[in-house]
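Quick notes on the structure that follows.
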Amino acid sequence: MATACFINTYNSYMDRGATVSKTPIKHIEVDEEDIVVGQPLPKWWSSVGAPIVTAYDGQHLELELRGKTINIKVGEEVEIECTETNVGYGVISRDVYYVKLISTELVYKGDWQLADTILEKLAGPIGDGEVLYPNGDHFKGAFHLSYASINGPAYAADGRYEFADGSYIERAWIHTSKDKKPQWWGLHGVFRIHHPEGPDSIAMFLRGGKRYGFELFLGKKTWVEEWYAGDSIVRYSGPDEIFHYDVEDFEIDETSQEDCMTLRLTLRDGKDVYRIEQRGGNYTANQYNKHIYELSTHVTTQLPNGDILEHDGDDVRDFKPYDGYVEVYRAKTGKSRKEHWQKGELTDKQKWQRDVRAATKVTLPDPTGVDDELEANVWKDGHIEYKYKEWVYDGEVKNNRPDGQGVLIGDCRHGERRYEGIFIDGVYVSDDKQPAGEIMLHAKSGHSSWSIGGSSDWEYKEEDIVAKLGRLNFDGFWSYEIISIKKDCITIGYYNKEYELRPDKPLHLSHEIEGREYSDGCVYDGDDYSLELTWKE
């Protein structure tokens with residue numbers, strides 16, 4: 001969206017016909033795509049009596065108001081209407097409304113690289129340069145190639161940004177694109193703005209220099225102004241009374257992240273408290289060059305009821321999703337989803353999923369008793385997700401760990417496993433088919449080595465063991481483990497395979513481990529292992 005014209009409002013005092021002062025009190029930007037012939041001029045100060053657009057070609061704007069035709073050329077600021085109030089003693093207060101037509105062409109001056117390849121379009125600004133914006137803004141700094149792709153390059157620049165009204169950012173980052181469209185050659189981040197005749201402020205910018213989010217003014221008294229799509233959002237709490245949020249607390253973080261500013265605000269509206277974090281201007285090194293940067297901008301808003309809105313800065317208005325992609329977290333359910341909005345209407349949404357912000361992060365014993373402790377997230381309803389969701393538990397919980405009746409599913413190493421039954425102090429103990437006591441097994445394990453030309457004799461060892469969940473402690477079978485013990489069946493798992501041992505059915509396992517091989521891939525030695533397990537009475 002390129003800015004096409006300004007609607008500027010000035011207040012002036014006339015004393016017996018002579019103008020005493022002229023003070024700007026309102027500045028509104030109108031985008032080129034919003035100007036439609038035959039329709040009222042957008043964003044006019046009053047919806048009643050707005051001038052009608054009768055012609056527009058980018059260089060000339062024709063308006064009609066109450067039978068009067070008004071012609072405006074690029075660069076001209078023309079008075080459209082005024083209102084007068086007699087304040088007494090021959091002094092008249094005048095609010096005068098002007099329209100200024102500006103060019104939609106952006107001008108770049110500086111070095112340009114022409115280094116396109118077959119797969120990558122690298123042509124673009126490079127080194128020292130400056131940008132003259134159609135709205136009168138000016139940027140001067142150094143341009144860097146940020147990344148390249150088949151669709152064309154993206155660039156970042158570091159320098160000084162000066163606004164048409166005289167305010168400026170001492171060190172700003174702007175983001176450009178493969179073409180010269182003004183909407184992609186703008187500020188992107190959170191910056192400190194220096195106002196020559198007023199207090200500094202902290203504001204967020206996205207695409208084309210338009211402000212979004214909250215701007216914090218740092219005068220003797222701090223206050224905030226909310227912006228959306230280039231316009232300041234004005235609210236009224238009563239007749240002729242403009243509403244403002246109270247700034248309860250704020251934090252400006254300029255040090256924790258290099259070249260990145262974070263603004264944290266606590267705003268109050270009566271009993272309602274809103275917490276906002278606006279972060280942007282950060283550039284992280286990419287894989288090609290540690291001195292090349294790519295920006296990141298993000299906003300987190302916590303509502304009074306605990307809900308959280310996450311977005312890229314221009315998707316929320318009046319603390320509600322409005323236009324774009326917003327991640328919504330519901331504090332009541334502990335779930336989140338991504339939503340797409342257009343002009344305040346929900347158009348698409350993902351399924352609700354559990355969110356770790358609603359969980360307690362703890363360290364728990366391996367629920368199968370096989371491995372050491374694992375990190376886990378525990379929800380209040382008894383849902384537990386272990387380390388990267390390798391195990392997922394649902395059931396009774398005590399002291400943030402499984403305790404009582406529950407179901408455990410998972411283990412990515414051996415495919416899906418399911419344990420259902422009793423858990424004590426975080427570990428699976430039994431199910432309805434669990435034996436009353438220990439089960440003894442008789443194990444006969446053997447080993448033989450071989451090489452091209454012959455092999456060694458088999459050597460066997462026999463012993464009695466107690467069946468326990470976990471890995472088998474026999475040579476050659478270190479990756480085999482007992483995954484289930486029931487009164488009539490013991491299950492042994494090896495990756496995606498399962499083997500059953502029953503009272504009337506011994507289990508024989510064999511395993512070969514290959515050794516060295518020739519350059520042609522032929523193996524010339526290895527080891528053979530065997531294991532026979534028998535259920536003892």
Side-chain angles (χ1 to χ4, degrees), residues 275 300 302-308 310 327-337 350-441 465-473 479-493 498 500-501:
R275 292 181 173 84
T300 302
Q302 182 173 337
L303 306 180
N305 63 357
D307 290 357
I308 296 175
E310 301 257 7
E327 183 175 309
V328 180
Y329 167 73
R330 297 295 186 201
K332 185 176 181 180
T333 62
K335 296 182 178 181
S336 62
R337 71 180 180 186
Q350 295 179 344
K351 292 183 178 179
W352 289 106
Q353 295 184 342
R354 292 179 180 273
D355 196 292
V356 295
R357 285 172 286 195
T360 302
K361 189 174 183 178
V362 296
T363 300
L364 299 179
D366 183 327
T368 65
V370 175
D371 291 322
D372 296 330
E373 294 182 327
L374 301 174
E375 291 184 353
N377 290 310
V378 183
W379 279 262
K380 292 181 179 179
D381 63 354
H383 181 82
I384 301 177
E385 294 179 358
Y386 292 82
K387 191 179 180 181
Y388 314 123
K389 295 186 179 180
E390 289 182 0
W391 292 104
V392 176
Y393 171 85
D394 285 285
E396 297 178 356
V397 170
K398 183 178 180 181
N399 296 327
N400 285 329
R401 59 181 58 195
D403 202 294
Q405 191 73 32
V407 177
L408 179 72
I409 300 175
D411 189 3
C412 61
R413 184 176 58 190
H414 294 306
E416 183 174 293
R417 297 282 186 264
R418 180 183 180 95
Y419 296 86
E420 184 173 359
I422 303 299
F423 292 77
I424 296 179
D425 200 23
V427 179
Y428 175 72
V429 177
S430 68
D431 62 14
D432 294 339
K433 297 182 180 181
Q434 197 74 354
E438 293 181 339
I439 296 178
M440 297 297 298
L441 302 177
I465 62 171
V466 177
K468 293 182 178 180
L469 293 175
R471 294 186 179 91
L472 295 176
N473 190 25
S479 296
Y480 291 72
E481 60 181 291
I482 296 177
I483 59 176
S484 175
I485 301 175
K486 297 181 179 179
K487 59 186 178 182
D488 60 351
C489 180
I490 293 176
T491 305
I492 295 176
E498 291 186 359
E500 291 185 350
L501 170 62

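Note that the coordinates shown come from a computational prediction; the quantities given were computed from them, not determined experimentally.
Side chains of Ile384 and Trp391 form no contact here, defined as non-hydrogen atoms less than 4.5 Å apart. A heavy-atom distance below 4.5 Å is found between the side chains of Arg354 and Asp381. Considering only heavy atoms from C-beta on, Ile465 stays 4.5 Å or farther from Met440 through its side chain. In this structure, the side chains of Pro367 and Tyr386 come closer than 4.5 Å at one or more pairs of heavy atoms.
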What pairs of donor and acceptor atoms, side-chain ones from residues 329-336 against any protein atom, are under 3.5 angstrom apart with sequence neighbours left out?
residue: Arg330; atom: NH1; partner: Asp307; partner atom: OD2; Å: 2.9
residue: Thr333; atom: OG1; partner: Lys335; partner atom: N; Å: 3.4
residue: Ser336; atom: OG; partner: Asp355; partner atom: OD2; Å: 2.8

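With values rounded to the nearest 0.5 angstrom, Leu501 atom CG is found 7.5 Å from Cys489 atom SG. Here the straight-line distance linking atom OH of Tyr428 with atom CD1 of Ile485 works out to 9.0 Å at 0.5 Å rounding. If you take NZ on Lys387 and CD on Glu373, they are separated by 12.0 Å, rounding to the nearest 0.5 Å. Interatomic distance, Trp379 CH2 to Thr360 OG1, rounded to the nearest 0.5 Å: 9.5 Å.
A search for ring-ring contact (aromatic ring centres under 6.0 Å, His included) contacts involving Tyr393 returns Phe423, not counting sequence neighbours.
For Arg418 and Glu420, the salt-bridge test passes: some basic side-chain N is under 4.0 Å from an acidic carboxylate O.
With Asn399 contributing its side chain and Arg401 its backbone, the two residues share no donor-acceptor pair below 3.5 Å. Listed for the Glu385 side chain is no donor-acceptor partner under 3.5 Å among the backbone atoms of Asn377. Judged by distance alone, with hydrogens and angles left aside, the side-chain atoms of Asp403 form a donor-acceptor pair with the main-chain N or O of Asp425 at under 3.5 Å.
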